[in-house]
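Proteins get letters first, then strands, A, B, ... in listed order; numbering begins at 1 in each. Note that the structure is a prediction, hence the values are computed from the model and not measured.
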Amino acid sequence: QPAKFAPYQKALREIRYSLLPFANESG
Amino acid sequence: MSIRSLKKKQQKTFKVKIVTMETEMELHCEMDWKGNDLFDLVCKHLVLKETWFFGLQYMASGVDTWLKLDKKILQQDVPKEDPLKFRFLAKFYPENVSEELFQDITQHLFFLQVKKQILDEEIICSPEASVLLASYAVQAKYGNYNPNIHQPGFLSQEELLPKRVLQQYQMTSEMWQEKITAWYAEHRGIARDEAEMNYLKIAQDLDMYGMNYFPISQTKNDSDMLLGVDAKGIHIYSRNNKISPLKSFKWGDIRNISYNSKKLKFTPVDKKAETIKFYSKEQNVNKLILHLCIENHNLFLTKRKVDSIEMQQIKMQAKEERARKKNEHQRL
């Protein structure tokens, strides 16, 4: 069973980090 | 044909309006047609061969209901309007999109339906996956990024992200568009069908993808749990968590499913394991659960058998079509 989002994990991680500075405190 | 006989023939038909994720069509049905006759006609109009994933849905007393294919249309509780209205939708989902969807039309209809479910938050999606999915949806719609054509603001009228995601960040609409455009630019060279397939490959790993949820309980008068039915099996959830099941049973683990009135019973293959009993709100809900279980289980078995001749032809044609398109795309 391949890992979830296998070929897209790098892109997803990059997007997650790029969004971090804009996260609402409650979010 | 004389006017009289034409008139006589006209009286023996009724009108239906079919809405798909992409288009609408009006068709004429004969009074004694079964669901299957209409379903086949719609598939023929759409030139859709992978018919087993789809169904015709109508609204009966505020509840979305699937048209029974083996029963006469007019004997089902379809609201008697003129024309009768049906939605042509995916009813069953593949376990693996890249191995099970062959025709472009099938893939496109799935893409549109899953995209809507994500934007409407019927499938919960993380912010990062929402952005990546949006970038593939833009690639599918606009083709390759060209800064001369795709100038800032070109996405301003598009519904790109679920509201829940927008609310989690202090970002303007322009900032979101900029972020999605940056990822869209990365997809240069990907054709529409590939972009849609990439979208579906990400979406199929979301926890709520392809799941049909039903309120159930362990005692007669509660509804404190949820039962999920999907392509892989059945899953039990607590009422407030549709993401992580408390327990899952793959199709291979279940010997039998039956219901009696509101009581639903699952018999595991393991003879030492206890039979699992639940209650649902109505007998009709149990009927639908059983139907979805049987059909999903049938698809599960079919996929594990040698392909039928029809399936081999579909795969061959799809392969040829893809190769032709790829050549054309590269030439352009």
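- Listed by sequence position, V131(B), L132(B), Y136(B) are the residues of residues 131-145 of chain B in contact with chain A, using a 4.5 angstrom heavy-atom cutoff.
- Take K250(B) and apply the side-chain contact (heavy atoms from CB on, under 4.5 Å) test, not counting sequence neighbours, and it matches D253(B).
- Every residue meeting the side chain to side chain donor-acceptor pair (under 3.5 Å) condition with E328(B), not counting sequence neighbours, appears here in chain and number order: R324(B).
- D205(B) contributes no side-chain N or O that, together with a main-chain N or O of K4(A), makes up a donor-acceptor pair within less than 3.5 Å.
- Side-chain contact check for S18(A) versus K179(B): some heavy-atom pair is nearer than 4.5 Å.
- Looking at M175(B) and F22(A), their side chains come closer than 4.5 Å, going by heavy atoms from C-beta outward.
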- Could you give me the CA-CA distance, side-chain angles and deciding distance for Y8(A) and N198(B), then say whether side-chain hydrogen bond (donor to acceptor under 3.5 Å, both in side chains) is met? CA-CA 9 Å; Y8(A) 307 97; N198(B) 276 304; 2.5 Å; yes

- Task: Just do the side-chain hydrogen bond (donor to acceptor under 3.5 Å, both in side chains) check on N24(A) and Q167(B) with the steps written out, would you?
- Result: CA-CA 8 Å; N24(A) 280 329; Q167(B) 287 160 359; over 6 Å; no

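- Shown here is E178(B), whose CD atom has no more than 12 heavy atoms of other residues, nucleotides or ligands within 6.0 Å.
- Annotation: side chain of M171(B) is in contact with side chain of L19(A) (closest heavy-atom distance under 4.5 Å).
- In this structure the side chain of W183(B) reaches within 4.5 angstrom of the side chain of E14(A), judged on heavy atoms.
- Under the salt bridge (Lys or Arg N to Asp or Glu O under 4.0 Å) criterion, K319(B) pairs with no residue, sequence neighbours left out.
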